Amino acid sequence: MPELPEVEVTRQGIAPHLLDQKVRALIVRNDSLRWPVPAQAQNIVGQIIQGVRRRAKYLLIDTDAGTTIVHLGMSGSLRILPRNTPVEKHDHIDLELENGRILRFNDPRRFGAWLWCELPEQAHPLLSKLGPEPLTEAFNAPQLAAALKGKKKAIKLCLMDNAIVVGVGNIYANEALFAAGIHPEAEAGKVDLERLTLLVAEVKQILAQAIKQGGTTLKDFTNADGKPGYFAQKLHVYGRGGETCTACGNLLSEIRLGQRTTVFCGICQPR
DNA sequence: AATAACACCTGTGTGC
DNA sequence: TGCACACAGGTGTTAT
C-alpha cells in the first residue's frame, strides 16, 4: 500500500534511469487498471523524458509532448529492468528506453493508473483539486486551521482528505494523531491551533523519516530486490489495537472511522 | 454544500 | 486439508 513516502522513494529510484532518455516503445499488455490505459499514452513514444516529478501520490513523467501520469494505487510498483526480463503475473506495462532498459509497471489489485495528459497539469481533473504538499511550507498550521474552520467531520478524515493535505494515508494519519495527542474523532474545526501546530510538525517528521529510511533501503531500483515495500518505521498505534500504548501502557482502542481501521490511545489522545 | 457510503480488486490470513 | 469469507487500502463516484 504505497503511501507518499513509497511513491517519493520510487520517484527517486527511477528518475536517474529515465531522465534524458528517449522512449523506444510503450507496451501495454494488460490495460485493465483503475481506468483503461488510453491510446494517447502512446504519444510518449519517441519523446525524450525531461522530468520525473511527484504530486501527491501521482508520479508525473514529463516530455515535450505531454505528461504520463502514474498512480500506484494499492499494490502497484515500478521497476527498472533489462528489456528481456521475463514477464510475470500482473505485469501491465513496459516503458522501453533506447538504452535497453525498461520501466515495468506491475499491479496485482489494479487500483493503479497509467494516463496521459497534454494539458497543464493544474488543469487535469485528478490534480486540480489537490491540497498542499505536506513536506512544503504550504502545509502549515494557520493554513490547516483555515481549511478546517467550521468542519464538523472527524479530524482524521480531514487529515486523509486530499483537498486539505495530500499524501497522508491511513497508517500515517493514525501515527501522526497519536504523536500529536489528538483524538481521531475530534471535530476538525474545534482542534485548537496549538494542537494543529503539533500535528503539522508530526506529519512532516513522520513522512520525512519514512522517505529517508526508504531512500537508504531502496536506493538501487535496478536491483531485483528494488521493489518498494513497507518501511521499517516504528509504528506506535497502527496495527496495534488491543496492545499497550508505548507512552502510557493503556490498552489501545480500535474503531472504524470512514471505513478505515483507526487505532488510538484514550489516555494520550483525549477528546 | 458537506458528509457518508460505496465501488473497484486480489493476495493473505482466519475460522470452521 | 479445503473452503468461505473478512480484511487491507486510495480515491473517484454516487447517494444522503
Side-chain angles (χ1 to χ4, degrees), chain A residues 1-11 29-38 54-60 69-78 87-93 105-117 121 123-134 144 146-177 184-191 203 206-207 210 227-231 233 235 237-243 254-263:
Chain A
M1 160 278 352
E3 294 234 19
L4 182 142
E6 283 177 274
V7 179
E8 176 59 22
V9 170
T10 294
R11 188 195 70 76
R29 55 175 68 82
N30 179 356
D31 82 341
S32 176
L33 291 165
R34 193 181 218 290
W35 301 280
V37 178
R54 178 186 60 75
R55 176 71 175 107
K57 294 176 185 170
Y58 296 95
L59 285 167
L60 308 174
I69 301 174
V70 181
H71 198 291
L72 300 180
M74 289 293 309
S75 58
S77 64
L78 290 168
V87 173
E88 295 178 12
K89 201 174 181 186
H90 308 305
D91 282 343
H92 286 253
I93 296 171
F105 183 56
N106 177 287
D107 187 4
R109 289 182 211 179
R110 297 196 264 136
F111 283 7
W114 186 291
L115 303 169
W116 177 254
C117 174
E121 71 190 57
H124 194 282
L126 289 177
L127 305 175
S128 63
K129 290 167 188 163
L130 295 175
E133 287 288 329
L144 181 59
L148 297 181
K149 191 169 170 25
K151 293 271 185 192
K152 299 203 181 303
K153 278 200 298 184
I155 182 74
K156 179 171 180 251
L157 297 177
C158 291
L159 193 55
M160 296 176 68
D161 181 347
N162 276 339
I164 292 179
V165 59
V166 302
V168 183
N170 194 39
I171 294 175
Y172 295 128
N174 279 298
E175 294 298 316
L177 288 167
E185 289 181 295
E187 189 177 319
K190 291 188 174 172
V191 179
V203 167
I206 289 169
L207 292 178
K227 192 169 182 174
Y230 296 94
F231 297 115
Q233 185 160 14
L235 299 175
V237 287
Y238 180 81
R240 298 192 63 243
E243 298 179 37
E254 181 165 314
I255 60 172
R256 300 285 288 183
L257 196 50
Q259 321 293 95
R260 293 291 176 262
T261 301
T262 302
V263 188

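The sequence lines fix the lettering, A, B, ..., with proteins before strands; numbering per chain opens at 1. Computed from a prediction, not measured in an experiment: that's the story for all the values here.
- For the residue pair A:Thr261/A:Arg256, the side-chain donor-acceptor check at 3.5 Å is satisfied.
- Regarding A:Trp114, its CH2 atom lies at a distance of 22 Å from the P atom of C:dG10, rounded to whole Å.
- Residue A:Arg110 places its side chain closer to B:dC9 than to any other of B:dA4, C:dA8, B:dC9.
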Item to complete: Spell out protein contact along nucleotides 11-16 of chain C as letters: B when the base is contacted, S when just the sugar-phosphate is, - when no protein heavy atom is under 4.0 Å; keep the 5' to 3' order.
Response: BS----
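- The side chain of A:Ser75 contributes no N or O atom lying less than 4.0 Å from OP1 or OP2 of B:dT10.
- Here A:Arg11 contributes atom CZ and A:Arg54 contributes atom CZ; the two are 7.5 Å apart, rounded to the nearest 0.5 Å.
- For the pair A:Glu254 and A:Arg240, the salt-bridge criterion is not met [side-chain N within less than 4.0 Å of a carboxylate O].
- Atoms CZ (A:Arg54) and P (C:dG10) sit 15 Å apart, rounded to a whole Å.
- Salt-bridge check for A:Lys57 with A:Glu6: failed, with every basic side-chain N at 4.0 Å or more from each acidic carboxylate O.
- A:Lys89 comes within 4.0 angstrom of sugar-phosphate atoms only, judged by non-hydrogen atoms across all strands, and of no base.
- Between the CG atom of A:Leu157 and the P atom of C:dG10 there is a distance of 13 Å, given to the nearest Å.
- Residues passing the side-chain hydrogen bond (donor to acceptor under 3.5 Å, both in side chains) test with A:Arg110, sequence neighbours excluded: A:Ser32.
- C:dG10 atom P lies 19 Å from atom CG of A:Leu115, rounded to whole Å.
- Of the candidates B:dA5, B:dC8, B:dG11, B:dA5 carries the atom nearest the A:Gln259 side chain, counting heavy atoms from C-beta on.
- From A:Asp161, atom CG reaches atom CG of A:Leu159 across 9.5 Å, with rounding to the nearest 0.5 Å.
- The interatomic distance linking A:Glu185 (CD) with B:dT3 (P) rounds to 15 Å, in whole Å.
- Classified by interplanar angle (parallel below 30°, tilted 30° to 60°, perpendicular above 60°), the ring pair A:Tyr58/A:His71 is perpendicular.
- In this structure, A:Lys152 atom NZ and B:dA1 atom P are separated by 17 Å, rounded to whole Å.
- One interatomic measurement links the two molecules: NE2 of A:His92 to P of B:dT10, which rounds to 9 Å at whole-angstrom precision.
- For the pair A:Leu33 CG and C:dG10 C1', the computed distance is 14 Å after rounding to whole Å.
- When distances run from any side-chain atom of A:His90 to the nucleotides C:dG10, B:dT3, B:dT10, the shortest one goes to B:dT10.
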